[in-house]
Engineer: 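Pasting in a structure now, in structure tokens, and then I'll have a few things to ask.
Below, read A as the first sequence line, B as the second, and so on, with proteins coming before strands; counting in each chain starts at 1.
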Amino acid sequence: MLSIQDLRHKKEEIISLLQKRNHDFTAVINQVTDLDVAIRKHKAQLDQILAESNQLAKQIGQLFSQAKQEEAELLKKKTVSLKEESRALSQDLEAKNNELKNLMVTIPNVPNQIVPAGNSDADNQIISENKGFISDLESKKPHWELAEQYQIIDFELGAKITGAGFPVYQGKGAKLQRALINFFLDRAAQEGYLEVLPPHMVNSASAFATGQLPDKDGQMYHVTEDELFLIPTAEVPVTNIFRDCIVKPSDLPLKRVAYSPCFRREAGSYGKHVRGLNRLHQFDKVEIVQVVHPSKSYQTLEQMVSYVCELLKELSLPYRVVRLCGGDLSFTSALTYDLEVYSSAQDRWLEVSSISNFEAYQSHRLKLRFKEDQASVFAHTLNGSALALPRILASILENYQTKEGIIIPDCLQSYTGFDKIN
RNA sequence: GGAGAGAUGGCAGAGUGGUCGAAUGCGGUAGUCUUGAAAACUAUUGUCCUUCACGGGACCGGGGGUUCGAAUCCCUCUCUCUCCGCCA
């Protein structure tokens with residue numbers, strides 16, 4: 001959620017930056033600021049009436065204790081009209097506040113100055129492209145064929161047990177998966193992130209605070225019986241650790257890392273681009289989250305990007321860094337970098353990480369603040385995948401294939417206990 | 001799942017209808033004393049909204065109600081604890 005203070009004072013600037021999202025928010029924002037003025041006016045009226053009745057109630061109390069019943073009864077009558085007035089006003093105020101909130105949640109975060117204009121991923125800026133290991137086989141097999149050949153991932157078995165998009169990893173496939181998780185968690189710990197193992201379901205308050213609700217509820221699996229949601233990413237439970245918190249400035253930056261399975265309905269996506277591991281309903285991911293001082297958040301974003309790049313270098317995967325354009329930017333983000341690995345048999349770039357600065361957008365919903373010079377300041381939040389497993393696995397399988405089998409990248413061998421899948 | 005008890009400020013813990021935003025203790029901050037520290041003493045110490053300001057308003061787990069007036073009474077939801085049942 002944007003700050004209502006910012007909308008009051010920097011309205012024109014906000015409207016113009018929001019143009020980058022290819023949508024004009026002038027009308028909504030005007031509605032918001034008009035409502036805001038009305039709300040403050042009504043609030044002042046209501047406060048005055050409440051002050052009067054508080055005053056009267058005190059007087060009545062004193063009169064009763066002095067046994068002056070008649071005078072008290074007289075004052076009681078005076079309170080009747082005040083009460084009616086305040087009741088009407090507060091109902092009106094509540095309605096207006098709800099209206100305001102409903103409007104506010106439809107306004108996405110304000111894109112940063114450097115976010116390129118554009119509609120789709122075609123307009124994203126490629127920041128850097130980096131070489132990595134690629135198999136020199138003449139004809140390379142896509143990962144789903146390799147997965148079947150070496151019996152490490154069984155898509156059909158998953159389809160039988162659950163449905164499409166829920167693969168079963170077996171043998172060295174399962175071990176490699178566990179190795180990647182451990183590698184990513186250990187590396188993050190070295191970077192100063194505190195490991196957490198969060199719940200895999202969240203309540204609606206949590207889903208709202210990180211921005212999955214109200215706009216993306218169709219993407220989550222919803223357990224209606226208990227009104228819980230399966231997490232689409234560990235970002236949701238981990239960021240909500242800090243919901244309704246006033247942290248010490250000396251605690252910043254707060255750094256957390258979590259492994260979790262991620263559940264996404266991905267309604268309506270079918271076809272060859274979602275084959276194999278490219279898009280799943282359940283997948284594993286290691287996520288990093290930071291809560292930082294507002295003056296540091298862009299510096300932190302750069303650090304997080306270079307940290308995740310480092311992981312890809314250690315895996316020797318070819319990758320590129322992409323700055324998302326306004327049209328591709330997620331609802332809550334101010335600036336996002338995607339990291340994509342090259343998958344040689346498919347000849348495609350696969351998104352394996354999305355690293356975003358949400359500035360104070362999530363903090364406003366989270367009510368996550370710290371004290372600075374007596375004032376409370378909303379902290380900035382950031383997160384990123386470090387990393388999402390299935391496409392990393394796809395890229396490893398395709399890029400590291402040889403006639404003798406799949407070579408395991410050096411940095412993983414101490415985790416897998418084997419150096420080849422054959 | 002059944003029965004009972006409870007939820008108060010950073011923590012502990014009073015408060016059962018009227019100057020209670022809340023005693024007291026601990027903790028935090030500032031000061032006095034001290035060469036320095038500790039101890040002691042003094043002061044200060046919740047959050048949010050609104051106002052240029054003075055001030056005003058809201059908040060005692062969440063929501064609703066009774067009352068001129070609610071931390072206190074009633075309803076409801078959530079959570080915690082104890083006992084029983086079930087169970088990895």
Engineer: Please confirm whether A/Phe133 and A/Tyr400 have ring centers closer than 6.0 angstrom.
Structural biologist: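 Aromatic pair counts; centres sit under 6.0 Å.
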Engineer: Any side-chain N or O of A/Arg369 below 4.0 angstrom from OP1/OP2 of B/U47?
Structural biologist: no
Engineer: Donor-acceptor pair, distance only, cut-off 3.5 Å: does the side chain of A/Arg21 make one with the backbone of A/Asn109?
Structural biologist: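 At least one qualifying donor-acceptor pair exists.
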Engineer: Using the benzene-type ring in the case of Trp, are the ring centres of A/Tyr298 and A/His380 under 6.0 Å apart?
Structural biologist: no
Engineer: Name the pairing partner of B/U35, where a pair is Watson-Crick or G-U wobble with both distances under 3.5 Å, or state none.
Structural biologist: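 Its partner is none (no Watson-Crick or G-U wobble pair with both distances under 3.5 Å).
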Engineer: Whole angstroms only, please: what is the CG-P distance between A/Asn97 and B/A58?
Structural biologist: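 Going from A/Asn97 (CG) to B/A58 (P), I get 15 Å.
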Engineer: Determine the interatomic distance between C1' on B/G13 and the same-named atom on B/U24; round to the nearest Å.
Structural biologist: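 Pairwise C1' distance, B/G13 against B/U24, rounds to 8 Å.
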Engineer: By the 4.0 Å heavy-atom rule, please label A/Lys248 as base, sugar-phosphate, or nothing.
Structural biologist: nothing
Engineer: According to the Watson-Crick and G-U wobble definitions, with both distances under 3.5 Å, which nucleotide is paired to B/C73?
Structural biologist: B/G65
Engineer: Determine the interatomic distance between C1' on B/G18 and the same-named atom on B/A22; round to the nearest Å.
Structural biologist: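 Pairwise C1' distance, B/G18 against B/A22, rounds to 14 Å.
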Engineer: Looking at B/U16, which nucleotide sits across from it as a Watson-Crick or G-U wobble partner, both distances under 3.5 angstrom, or is there none?
Structural biologist: none
Engineer: For A/Thr79 and A/Ile4, take the nucleotide of RNA chain B holding the closest heavy atom to each; which residue's nucleotide lies nearer the 5' end?
Structural biologist: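 Checking each residue's closest nucleotide, the 5'-ward one belongs to A/Ile4.
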Engineer: Give me the distance, rounded to whole Å, that separates B/A38 from B/U32 when you measure between the P atoms they each carry.
Structural biologist: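 Going atom to atom, P in each nucleotide, I get 14 Å.
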Engineer: Hey, is the side chain of A/Asn54 poking within less than 4.0 Å of OP1 or OP2 on B/G57, counting only N and O atoms?
Structural biologist: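 Affirmative; the distance criterion is met.
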Engineer: Do A/Phe378 and A/His364 have ring centres separated by under 6.0 Å?
Structural biologist: yes
Engineer: If we only count heavy atoms from C-beta on, is the A/Phe25 to A/Pro108 side-chain gap below 4.5 Å?
Structural biologist: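 Yes, at least one pair of side-chain atoms sits under 4.5 Å.
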Engineer: Give the rounded distance in Å between these two atoms: CG of A/Leu93 and P of B/G57.
Structural biologist: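 About 16 Å, once rounded to whole Å.
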Engineer: Any side-chain N or O of A/Arg87 less than 4.0 Å from the OP1 or OP2 oxygen of B/G65?
Structural biologist: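 Checking B/G65 against A/Arg87, no side-chain N or O comes under 4.0 Å of OP1 or OP2.
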Engineer: Rounded to the nearest angstrom, tell me the gap between atom CD in A/Glu227 and atom P in B/G62.
Structural biologist: 21 Å
Engineer: Closest to the A/Lys371 side chain: B/C68, B/U50, B/C48?
Structural biologist: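 Nearest nucleotide to the side chain: B/C48.
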Engineer: For RNA chain B, determine which residues of residues 35-51 of chain A have any heavy atom closer than 4.0 angstrom to one of its atoms, and list them numerically.
Structural biologist: A/Arg40, A/Lys43, A/Asp47, A/Leu50, A/Ala51
Engineer: Within the structure shown, what part of the strands sits under 4.0 Å from A/Ser376 by heavy-atom distance: base, sugar-phosphate, or nothing?
Structural biologist: sugar-phosphate
Engineer: Parallel under 30°, tilted from 30 to 60°, perpendicular over 60°: which one fits the rings of A/Phe331 and A/Tyr361?
Structural biologist: perpendicular
Engineer: Taking any strand in view, what nucleotide pairs with B/C86 in a Watson-Crick or G-U wobble way, both distances under 3.5 Å?
Structural biologist: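 Across all strands, not a single nucleotide pairs with B/C86.
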Engineer: Does B/A23 have a Watson-Crick or wobble partner in any strand here, with both distances under 3.5 angstrom, and which is it?
Structural biologist: none
Engineer: From the options B/U66, B/G18, B/C49, select the nucleotide whose nearest atom is closest to the side chain of A/Ala57.
Structural biologist: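 Given the options B/U66, B/G18, B/C49, the side chain of A/Ala57 is closest to B/G18.
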Engineer: What class does the angle between the rings of A/Tyr415 and A/Phe183 fall in, given that below 30° is parallel, 30 to 60° is tilted and above 60° is perpendicular?
Structural biologist: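 A/Tyr415 and A/Phe183: perpendicular rings.
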Engineer: If the threshold is 4.0 Å, N to carboxylate O, is there a salt bridge linking A/Glu195 and A/Arg256?
Structural biologist: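 No, this pair does not count.
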Engineer: Does the structure show a Watson-Crick or G-U wobble partner for B/A7, both distances under 3.5 Å? Name it, or say none.
Structural biologist: B/U78
Engineer: Is there a Watson-Crick or G-U wobble partner for B/U44 with both distances under 3.5 Å, and which nucleotide is it?
Structural biologist: B/G28
